[in-house]
Amino acid sequence: MAKIVVTGATGTIGNAVCRHLLEQGDEPVALTRDTAAAVSRLPPGVQAHAWRQPLTEPAPAAVLDGAQAVIHLLGEPISQRWTPAVKQRIRDSRVRSTRMLVQAISELPDDRRPKVLVSQSATGYYGDRGAEELDERATPGEDFLAGVVREWEEEAARAEPYCRVALMRTGVVLSASGGALAKMLPFFRAGIGGPVAGGHQYVPWVHIDDVAGAMLHCMEDGAATGPVNLTAPEPVDNAHFSRALGRALHRPALLPVPAPALKLLYGEMSVIVTTGQRAVPKRLAELGFRFAHPQIAPALEEVLTQR
Ligand SMILES: NC(=O)c1ccc[n+]([C@@H]2O[C@H](COP(=O)([O-])OP(=O)(O)OC[C@H]3O[C@@H](n4cnc5c(N)ncnc54)[C@H](OP(=O)(O)O)[C@@H]3O)[C@@H](O)[C@H]2O)c1
């Protein structure tokens, strides 16, 4: 039974990661800003410890001490209107918390440090790239999110002198309990969902179970270092994705959603659905990771039965 420290454990991905860790007999330990609130948001059996100010305080040494691994997921939600203050929080929660985490790891004695830091990243690293196939060697994009992800990865990579570092460039996570799909469902259920902004942009989707599975795979496999695309092996464009979701819900998905309407509603944040990346999981294939849900239609069916 290994102690695994998880930041952002109260969130959608963190919850799934903790459940998978418990299933395989590990001991997930959550770091959270609010231990009282965390109790109801964590799977039973996960201990919560306080890291109240992750932007300004090093992560608590006593919790990291002797941990086998750290899985670092916390971050201000992306899908909200991007006011200047929100943009600052989106960046700082990732970049500064990672700096504070790496500082704490660096200050531990050699033999008490985690062996690996599995640090969350995102396919947003690549920016808006049309139908270009993107493996981990592709160059970064230039928009706001690409800049944030680049800085976030740079901070995590500073842990390399102290432990192995895997940077999980995660795509659009399919989970019924949170994230993009949970937000789309009411529209599609009401029959008013459809292809967004022409539907040609790629959706680098990935099933939540594969997200947790691949994170644990990279935690355990000593060959997993550097960037790892965490996206299903068959990315689809937005039109295909919308049709598959409509079919899974037995609803029409024909109503096009124009980009200007989304921009009006959500401002600059709308780029997260009007643009996309055709990311492919080259490193995960090399590492021998087997996706439980490689195809979009059955993956959606499966997620929808979890509700
Ligand atoms: N869901 C996706 O499709 C997706 C795709 C690619 C990448 N990601 C990234 O993966 C990470 C986890 O995603 P998720 O969907 O599980 O997120 P989530 O459900 O929103 O949870 C994130 C957790 O981060 C902590 N947090 C939120 N705002 C914070 C802030 N301003 N400062 C410090 N901590 C904060 C919260 O934990 P406490 O309240 O317990 O402190 C929260 O439970 C995020 O960084 C996200 O950007 C997600």
K.L.:
Please lay out, stage by stage, how Val63 and Trp51 fare under the test side-chain contact (heavy atoms from CB on, under 4.5 Å).
P.N.:
CA-CA 10 Å; Val63 180; Trp51 185 13; over 6 Å; no

K.L.:
Applying a strict under-4.5 Å side-chain criterion to I, L, V, M, F, W and Y, I'd like to know whether Val118 and Val5 cluster together.
P.N.:
no

K.L.:
Got a second to check how far Ser270's OG is from Arg81's CZ, nearest 0.5 Å?
P.N.:
9.0 Å

K.L.:
To the nearest 0.5 angstrom, please state how far the NE2 atom of His293 sits from the CD atom of Glu301.
P.N.:
12.0 Å

K.L.:
Would you give the length of the straight line joining atom CG of Asp128 to atom OG1 of Thr274, rounded to the nearest 0.5 angstrom?
P.N.:
7.5 Å

K.L.:
Run Met215 and Thr170 through side-chain contact (heavy atoms from CB on, under 4.5 Å) and show every step you take.
P.N.:
CA-CA 10 Å; Met215 290 209 175; Thr170 306; 4.0 Å; yes

K.L.:
Is there a donor-acceptor contact under 3.5 Å from the side chain of Arg251 to the main chain of Arg189?
P.N.:
yes

K.L.:
Using the side chain to side chain donor-acceptor pair (under 3.5 Å) rule, collect all pairs that involve residues 193-215, keeping only residues at least two apart or in two chains.
P.N.:
His207-Glu302

K.L.:
Apply side-chain contact (heavy atoms from CB on, under 4.5 Å) to residues Leu167 and Ser119 and explain how you reach the verdict.
P.N.:
CA-CA 5 Å; Leu167 303 164; Ser119 199; 4.2 Å; yes

K.L.:
Ile296 versus Leu174: any side-chain heavy-atom pair under 4.5 Å?
P.N.:
yes

K.L.:
Checking salt bridge (charged side-chain N to carboxylate O under 4.0 Å, His left out) against Glu76, which of Arg94, Arg89, Arg96 comes through?
P.N.:
Arg89

K.L.:
With rounding to the nearest 0.5 angstrom, report the CD1 to CG distance, Ile105 to Asp65.
P.N.:
12.0 Å

K.L.:
Look at the side-chain heavy atoms of Ile, Leu, Val, Met, Phe, Trp and Tyr, link any pair under 4.5 Å apart, and say whether Val29 and Leu64 land in one connected group.
P.N.:
yes

K.L.:
Does Arg169 make a cation-pi contact with Tyr125, if we ask for NZ or CZ under 6.0 Å from the ring centre and within 45° of the axis?
P.N.:
yes

K.L.:
Does a donor on one side chain and an acceptor on the other come within less than 3.5 Å for Thr7 and His72?
P.N.:
yes

K.L.:
Side chains of Met100 and Pro58: does their closest heavy-atom pair fall under 4.5 Å?
P.N.:
yes

K.L.:
Where do Glu136 and Pro281 come nearest, in terms of heavy atoms and distance?
P.N.:
OE2-C, 4.2 Å

K.L.:
Answer yes or no: is there a side-chain heavy-atom contact under 4.5 Å between Arg158 and Arg99?
P.N.:
no

K.L.:
Taking the side chain as C-beta and beyond, is there a heavy-atom pair between Pro28 and Val17 under 4.5 Å?
P.N.:
no

K.L.:
Do Trp152 side-chain atoms and Ser93 backbone N/O form a donor-acceptor pair below 3.5 Å?
P.N.:
no

K.L.:
Got a salt bridge between Glu286 and Lys282, using NZ or NE/NH1/NH2 to carboxylate O under 4.0 Å?
P.N.:
yes

K.L.:
Roughly how far apart are Glu107 CD and Arg113 CZ, rounded to 0.5 Å?
P.N.:
9.5 Å

K.L.:
Decide yes or no on side-chain contact (heavy atoms from CB on, under 4.5 Å) for Asp26 and Met219, but give the supporting numbers first.
P.N.:
CA-CA 12 Å; Asp26 285 324; Met219 176 180 91; 4.0 Å; yes

K.L.:
Between Ser175 and Val303, what is the shortest heavy-atom contact and its length?
P.N.:
C-CG1, 3.8 Å

K.L.:
Ignoring hydrogens and angles, write down the donor-acceptor pairs under 3.5 Å from the side chains of residues 226-233, residues two or more places apart or on other chains.
P.N.:
| residue | atom | partner | partner atom | Å |
| --- | --- | --- | --- | --- |
| Asn229 | OD1 | Tyr126 | OH | 2.7 |
| Asn229 | ND2 | Leu134 | O | 3.1 |
| Asn229 | ND2 | Val280 | O | 2.9 |
| Thr231 | OG1 | Ala279 | O | 3.4 |

K.L.:
Taking side chain as C-beta onward, heavy atoms only, is Glu220 less than 4.5 Å from Gln24?
P.N.:
yes

K.L.:
Please find the pair of heavy atoms, one from Val172 and one from Ala180, that lie closest to each other, and give the distance.
P.N.:
CG1-CB, 3.8 Å

K.L.:
Got a donor-acceptor contact below 3.5 angstrom from the Arg243 side chain to the Ala253 backbone?
P.N.:
no

K.L.:
Can you tell me if NZ on Lys263 sees more than 12 non-hydrogen neighbours from other groups inside 6.0 Å?
P.N.:
no

K.L.:
Between Val211 and Val6, is there a shared hydrophobic cluster once you connect ILVMFWY residues whose side-chain heavy atoms come closer than 4.5 Å?
P.N.:
yes

K.L.:
Please report the shortest heavy-atom distance between Cys218 and Val116, naming the atom on each side.
P.N.:
O-CG2, 4.5 Å

K.L.:
Quick one: are Arg33 and Leu74 in side-chain contact, heavy atoms under 4.5 Å?
P.N.:
no

K.L.:
So does Arg278 get a backbone contact from the side chain of Glu132, meaning a donor-acceptor N/O pair under 3.5 Å?
P.N.:
no

K.L.:
Can you see which heavy atom on Leu185 is nearest to which on Leu249, and at what distance?
P.N.:
CD2-CD1, 3.8 Å

K.L.:
Side-chain heavy atoms nearer than 4.5 Å, only ILVMFWY residues, links allowed to pass through others: does that put Ile13 and Leu284 together?
P.N.:
yes

K.L.:
Kindly say whether Ala16 contributes a backbone atom to a donor-acceptor pair with the side chain of His20 at under 3.5 angstrom?
P.N.:
yes

K.L.:
Members other than Val86 in its cluster, when Ile, Leu, Val, Met, Phe, Trp, Tyr link by side-chain heavy atoms under 4.5 Å?
P.N.:
Ile78, Trp82, Ile90, Phe144, Leu145, Val148, Val196, Val257, Leu262, Leu265, Tyr266, Met269, Val271, Ile272, Val273

K.L.:
Is there side-chain contact between Leu181 and Leu300, with heavy atoms separated by less than 4.5 Å?
P.N.:
yes

K.L.:
Do Asp135 side-chain atoms and Arg137 backbone N/O form a donor-acceptor pair below 3.5 Å?
P.N.:
yes

K.L.:
Any side-chain to backbone donor/acceptor pair from Arg164 onto Asp221? Under 3.5 Å, distance only.
P.N.:
yes

K.L.:
Over all heavy atoms of both residues, which pair between Gly45 and Leu22 is shortest? Give the atoms and the distance, please.
P.N.:
O-CD2, 4.2 Å

K.L.:
Does Arg129 use its side chain to pair, donor to acceptor, with the backbone of Gln277 at less than 3.5 Å?
P.N.:
no

K.L.:
Can you get from Met184 to Val173 by hopping between Ile, Leu, Val, Met, Phe, Trp and Tyr side chains that sit under 4.5 Å apart?
P.N.:
no

K.L.:
Would a 4.5 Å heavy-atom cut-off, applied to side chains only, mark Ile4 and Leu216 as touching?
P.N.:
no

K.L.:
Just verifying a value: how many Å separate Ile71 CD1 and Leu31 CG, rounded to the nearest 0.5 Å?
P.N.:
12.0 Å

K.L.:
Could you go through Thr225 and Arg283, starting from their C-alpha distance and side-chain angles, then the distance that decides it, and tell me whether this counts as side chain to side chain donor-acceptor pair (under 3.5 Å)?
P.N.:
CA-CA 9 Å; Thr225 55; Arg283 281 297 290 139; 5.1 Å; no

